[in-house]
Colleague: 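Mind having a look at this structure? Questions to follow.
In what follows, every heavy atom counts, from backbone to side chain, and hydrogens, waters and symmetry copies are set aside. A quick note: this is a predicted structure, and the numbers were derived from the prediction, not measured.
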Amino acid sequence: MTAFDSYERAQWRGGADTFARTFAPLCAYPADALLDAAGVTAGSRTLDVGTGTGTVAALALARGAVVTAVDADSGMAAAARSAAPGAAVRVGALPALPFATGAFDAVVANFVLNHVGVPAAAVAELARLTRPGGRIAVTIWPYPPPRLQSLLGEAVRAVGAAPVALPRLAAEHDFARTVAGLSGLLAAGGLTEVTGRQLDWRHRTTVADWWAGAEGGIGAASVLLAAQPAATRDRIRAELDRLAEPYRGTDGVCAIPTAALLATGTVPG
């Protein structure tokens, strides 16, 4: 396990309830496109890797798939069991999952490869678990970040908050967070018929919910916020409110542009 993996595991520990309120609705948007890309239909033996609170697993069950789900955090796994009671949910983490080689027709990973220390090894494990001719589909956040994800960082810079060093992937393991970069990662892992695209939408949220996620320990920004004195956090929150104002409707809900990258490939026969 790399230092980056250890950091990620610690970040998500105990965060299922906060994630469900704040980031889960955001991460849910690409779920149907992800399942379509992997060819998940009735009867498909489907593995949802990094299931979180079980959104993708539940949608796969609704399609009639035979669903197995796995997450590195036991709290997330418990939440997934509640959300997707027909799925077999296990605790496990990339790049070594507790399933037989070729056990699944389709393997999906929604916003997971951005949380592993060696993405190429993670892709290799996804491929090991997929039968020859089966499909793998993955999503990640793009970089540079879209407007939604950039707002908090912009607020932090505006108030001159002290930076915090965060664990980063080793340079030899990193890849471009673009359609070409993600597609290239799958192709380098031996997958064929690789395709990729960007999904764009406006995420509807309140500043209070978006702030609660970061303040509650979800995402890299939470580490920076935790390191600031209370007065600085208050200034950041005020600046975030100001930056979000152009996107706020009369009901107080903001509709802010965001995007995800989706790539898929086939395991060779």
Colleague: Distance check, rounded to the nearest 0.5 Å: Leu191 atom CG versus Thr266 atom OG1?
Modeller: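 It comes to 7.5 Å.
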Colleague: Show the nearest heavy-atom pair for residues Pro30 and Leu26, with the distance to one decimal.
Modeller: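 Scanning both residues, the minimum pair turns out to be CD-O, 4.1 Å.
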Colleague: When clusters are formed by joining ILVMFWY residues with side-chain heavy atoms under 4.5 Å apart, either directly or through shared neighbours, do Leu59 and Phe111 land in the same one?
Modeller: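 Linked, Leu59 and Phe111 end up in one cluster.
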Colleague: Run the salt bridge (charged side-chain N to carboxylate O under 4.0 Å, His left out) check on Arg63 and Asp36 step by step: do they pass?
Modeller: CA-CA 10 Å; Arg63 294 181 177 214; Asp36 288 344; 2.7 Å; yes
Colleague: Under the side-chain contact (heavy atoms from CB on, under 4.5 Å) rule, what do Val138 and Leu262 come out as? Steps first, then yes or no, please.
Modeller: CA-CA 6 Å; Val138 301; Leu262 168 65; over 6 Å; no
Colleague: Does Arg21 count as lying over the ring of Phe19, i.e. NZ or CZ under 6.0 Å from the six-ring centre, within 45 degrees of the axis?
Modeller: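 Cation-pi check for Arg21 and Phe19: fails.
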Colleague: Atom CG of Leu34 and atom SG of Cys27: how far apart are they, to the nearest 0.5 Å?
Modeller: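 If I round to the nearest 0.5 Å, the distance is 11.5 Å.
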Colleague: Between Arg248 and Asp241, does any NZ, NE, NH1 or NH2 come within less than 4.0 Å of an OD or OE carboxylate oxygen?
Modeller: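 Salt bridge between Asp241 and Arg248, a charged N being under 4.0 Å from a carboxylate O: yes.
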Colleague: Compare every heavy atom of Gly39 with every heavy atom of Ser44, then report the nearest pair and how far apart it is.
Modeller: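 Closest heavy-atom pair between Ser44 and Gly39: OG-O, 3.6 Å.
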Colleague: Apply the test side-chain contact (heavy atoms from CB on, under 4.5 Å) to residues Gln149 and Trp141: give CA-CA distance (whole Å), side-chain angles for both, the deciding distance (0.1 Å), then the verdict.
Modeller: CA-CA 9 Å; Gln149 284 84 348; Trp141 302 115; 3.4 Å; yes
Colleague: Should Arg237 and Glu215 be marked as a salt bridge (charged side-chain N to carboxylate O under 4.0 Å, His left out) after you check the CA-CA gap, both sets of side-chain angles, and the distance that decides it?
Modeller: CA-CA 10 Å; Arg237 169 59 194 270; Glu215 196 172 43; over 6 Å; no
Colleague: Does a side-chain heavy-atom distance below 4.5 Å link Val118 with Thr2?
Modeller: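 A side-chain contact under 4.5 Å exists here.
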Colleague: Are there more than 12 heavy atoms of other residues, nucleotides or ligands under 6.0 Å from atom CG of Asp17?
Modeller: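 Not more than 12 within 6.0 Å, no.
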Colleague: Please answer: with hydrophobic residues joined when any side-chain heavy atoms are less than 4.5 Å apart, are Leu243 and Leu148 in the same cluster?
Modeller: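 Yes, it is one cluster - the side chains of Leu243 and Leu148 are joined through contacts under 4.5 Å.
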Colleague: Can you check side-chain contact (heavy atoms from CB on, under 4.5 Å) on Thr46 and Val56, steps first, answer last?
Modeller: CA-CA 10 Å; Thr46 301; Val56 174; over 6 Å; no
Colleague: Starting from Leu113, can I reach Leu47 by hopping between I/L/V/M/F/W/Y residues whose side chains sit under 4.5 Å apart?
Modeller: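 Leu47 and Leu113: one cluster.
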Colleague: Under a 4.0 Å N-O cut-off, is there an ion pair linking Arg204 with Asp209?
Modeller: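 Salt bridge between Arg204 and Asp209, a charged N being under 4.0 Å from a carboxylate O: no.
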Colleague: Please verify the inter-ring angle class for Phe104 with Phe99; under 30° counts as parallel, over 60° as perpendicular, anything in between as tilted.
Modeller: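 Because their plane-to-plane angle is over 60°, the rings of Phe104 and Phe99 count as perpendicular.
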Colleague: Is atom CZ of Arg9 surrounded by more than 12 heavy atoms (other residues, nucleotides or ligands) closer than 6.0 Å?
Modeller: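 Yes, because the 6.0 Å sphere around CZ of Arg9 holds more than 12 heavy atoms from other groups.
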Colleague: Is a side-chain N or O of Arg90 found less than 3.5 angstrom from the main chain of Ala88, in a donor-acceptor match?
Modeller: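 No; judged by distance alone, with no hydrogens or angles, the pair does not exist.
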Colleague: Is any side-chain heavy atom of Pro145 closer than 4.5 Å to a side-chain heavy atom of Tyr143?
Modeller: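 Heavy-atom side-chain distance check passes, below 4.5 Å.
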Colleague: Report yes if some heavy atom in the side chain of Thr232 is under 4.5 Å from a heavy atom in the side chain of Pro229; otherwise report no.
Modeller: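 Yes, at least one pair of side-chain atoms sits under 4.5 Å.
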Colleague: Does the side chain of Trp210 come within less than 4.5 Å of Cys254's, by heavy atoms?
Modeller: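 A side-chain contact is absent here, since even the closest heavy-atom pair is not under 4.5 Å.
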Colleague: Working to the nearest 0.5 Å, report the span between OG1 of Thr139 and CG of Asn110.
Modeller: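 The CG atom of Asn110 is 3.5 Å from OG1 of Thr139, to the nearest 0.5 Å.
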Colleague: Indicate yes or no: at least one non-hydrogen side-chain atom of Ile136 is less than 4.5 angstrom from one of Val267.
Modeller: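 Ile136 vs Val267: side chains touch.
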Colleague: Could you state the interatomic distance from CG (Leu185) to CG (Asp174), rounded to the nearest 0.5 Å?
Modeller: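 Atom-to-atom, Leu185:CG and Asp174:CG are 10.0 Å apart.
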Colleague: Check this for me: does any side-chain nitrogen of one of Glu154 and Arg157 sit under 4.0 Å from a carboxylate oxygen of the other?
Modeller: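 Salt bridge absent between Glu154 and Arg157.
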Colleague: What heavy-atom pair brings Arg235 and Val159 nearest, and what distance separates the two atoms?
Modeller: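 Heavy atoms of Arg235 and Val159 come nearest at NH2-O, 2.9 Å.
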Colleague: Say whether, by atom type as modelled, one donor and one acceptor occur between the side chain of Asp71 and the main chain of Met76 under 3.5 angstrom.
Modeller: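 Such a contact is absent between Asp71 side chain and Met76 backbone.
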Colleague: Shortest non-hydrogen contact from Leu169 to Pro119?
Modeller: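 Looking at all heavy atoms of both residues, the shortest contact is CD1-CG, 3.9 Å.
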Colleague: State plainly whether one hydrophobic cluster holds both Ile140 and Phe23, where clusters connect Ile, Leu, Val, Met, Phe, Trp and Tyr through side-chain heavy atoms under 4.5 angstrom apart.
Modeller: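 Unlinked, Ile140 and Phe23 end up in two clusters.
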Colleague: Given Val108 and Val49, is the side-chain contact (heavy atoms from CB on, under 4.5 Å) satisfied, shown in steps?
Modeller: CA-CA 6 Å; Val108 296; Val49 178; over 6 Å; no
Colleague: Show the nearest heavy-atom pair for residues Ala28 and Thr55, with the distance to one decimal.
Modeller: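 Of all heavy-atom pairs spanning Ala28 and Thr55, the closest is CB-CG2, 3.7 Å.
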Colleague: Should Glu125 and Arg128 count as an ion pair when the cut-off is N to O under 4.0 Å?
Modeller: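 Yes, charged N to carboxylate O under 4.0 Å.
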Colleague: Please report the shortest heavy-atom distance between Val91 and Val70, naming the atom on each side.
Modeller: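 Result for this residue pair: C-CG2, 3.9 Å.
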Colleague: Without hydrogens or angle criteria, can the side chains of Tyr247 and Arg147 be said to hold a donor-acceptor pair below 3.5 Å?
Modeller: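 Yes, because at least one side-chain N or O of Tyr247 sits under 3.5 Å from a partner of the opposite role on Arg147.
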Colleague: After noting the C-alpha distance and the side-chain angles of Thr264 and Arg135, does the key distance pass the side-chain hydrogen bond (donor to acceptor under 3.5 Å, both in side chains) rule?
Modeller: CA-CA 7 Å; Thr264 184; Arg135 299 283 290 173; 3.1 Å; yes
Colleague: Check whether any side-chain heavy atom of Asp234 sits under 4.5 Å from a side-chain heavy atom of Glu239, and report yes or no.
Modeller: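 Answer no - side chains too far apart.
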Colleague: May I ask whether Leu152 and Val223 are part of the same hydrophobic cluster, defined by side-chain heavy atoms of I, L, V, M, F, W, Y residues being less than 4.5 angstrom apart, directly or through others?
Modeller: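 In one cluster: yes.
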Colleague: Tell me, do Trp211 and Ile236 make a side-chain contact under 4.5 Å, heavy atoms counted?
Modeller: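 Yes, at least one pair of side-chain atoms sits under 4.5 Å.
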Colleague: Would you indicate whether the side-chain heavy atoms of Arg131 and Asp105 approach each other to under 4.5 Å?
Modeller: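 Of all side-chain heavy-atom pairs linking Arg131 with Asp105, at least one is under 4.5 Å.
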